[in-house]
Amino acid sequence: MRRPFVAGNWKMNGSKASIRELLDGLNQGIAGVTAEVAVCPPSIYLAEVAEQLDGSPISWGAQNLSQEASGAFTGEISPAMVKDLACTYVLVGHSERRSIYGEDDALVAKKFAAARAMGVKPILCVGETLEEREKGVTEDVVGRQLDAVLELEGISAFNDAVVAYEPVWAIGTGMTASPEQAQDVHAFIRQRFASHDAAVAEGLRIQYGGSVKGANAAELFAKPDIDGGLIGGASLDADEFLSICRAAS
Ligand code: 13P
């Protein structure tokens with residue numbers, strides 16, 4: 001049985017005060033949630049988040065990391081720093097990193113490898129644009145994104161990683177993929193892994209991301225290959241995020 005996993009990607013939002021309030025709300029409401037829960041704050045707040053979540057069942061992760069170990073890379077966050085801040089997870093290949101900051105499949109694969117080398121679990125984000133979906137190449141695109149990492153790191157790397165399917169057209173748009181559309185791609189992803197190793201594929205948690213809310217989470221999570229969610233906007237509100245966590249529990 002795969003334990004459902006819900007992660008909040010706060011993106012570039014929040015302040016010391018708003019984060020304190022959000023985490024207070026999460027800490028108060030988390031009892032009874034059986035799904036695994038994590039939050040990914042902006043990295044500048046990771047130390048405070050780690051402090052406030054000390055003793056909480058909620059873990060934390062970074063939104064990005066450098067593929068380089070250390071040195072003259074102004075503005076970057078090294079894998080060792082992510083580890084130093086006790087991050088359990090790190091997002092790699094989020095579509096905003098791919099589209100706005102030009103991260104290609106090869107770079108994403110290097111970041112995935114850098115995280116694993118530090119013992120931080122990568123959450124590998126994949127997904128197609130609206131144009132790609134309309135052209136009917138969703139599986140080609142997602143398959144290519146997965147293969148770049150599989151070729152570099154091998155199937156066993158996914159024993160300790162998570163995949164998040166986030167159709168780009170559903171992110172921040174209010175246009176959620178239907179449970180059937182999401183399930184189709186999740187099943188494709190699991191099949192892709194199964195062609196390498198059936199046991200790894202069976203154990204792999206595949207989150208859905210893209211306009212998930214309390215109101216639509218349960219029907220998405222009811223699908224057999226959807227093992228939780230990667231939540232953007234709705235993760236900034238404690239009650240809304242907790243209702244998604246409960247839907248996964
Ligand atoms: P929204 O939930 O705001 O659509 O964002 C999804 C996302 O990109 C999470 O990584």
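All values derive from a computational prediction rather than experimental measurement. Here, residue 1 is the first one in the sequence, and each next residue gets the next number. Both counts, for ligands and for their atoms, begin at 1 and track the order of listing.
- Heavy atoms of Ser235 stay at 4.0 angstrom or farther from ligand 1.
- Classification of the Tyr208-His186 ring pair by plane angle, with boundaries at 30° and 60°, yields tilted.
- Taking CD from Glu240 and CD1 from Ile231, the interatomic distance works out to 9.5 Å, rounded to the nearest 0.5 Å.
- With a heavy-atom cut-off of 4.0 Å, Asn9 touches ligand 1 through its side chain alone.
- Distances from ligand 1 to the non-hydrogen atoms of Ala234 include no value under 4.0 Å.
- At a threshold of 4.0 Å, the pair Glu139-Arg192 does not count as salt-bridged, since none of the basic side-chain nitrogens sits closer than that to a carboxylate oxygen.
- A side-chain donor from one of Asp225 and Gln183 sits under 3.5 Å from a side-chain acceptor of the other.
- With ligand atoms numbered from 1 in the order given, ligand 1 contributes 4 (O) to contacts under 4.0 Å with heavy atoms of Ala170.
- Atoms of ligand 1 found under 4.0 Å from any heavy atom of Gly172, numbered from 1 in the order shown, are 1 (P), 3 (O), 4 (O).
- At least one heavy atom of Lys11 sits under 4.0 Å from some atom of ligand 1.
- In terms of protein heavy-atom proximity, atom 3 (O) of ligand 1 is closest to Gly233 N, 2.8 Å.
- Nearest protein heavy-atom contact of atom 7 (C) of ligand 1 is Glu166 OE2, 3.0 Å.
- Ranking the protein heavy atoms by distance from atom 2 (O) of ligand 1 puts Gly232 N, 2.9 Å first.
- We find that Glu48 and Arg20 are not joined by a salt bridge, their nearest charged nitrogen and carboxylate oxygen being 4.0 Å or further apart.
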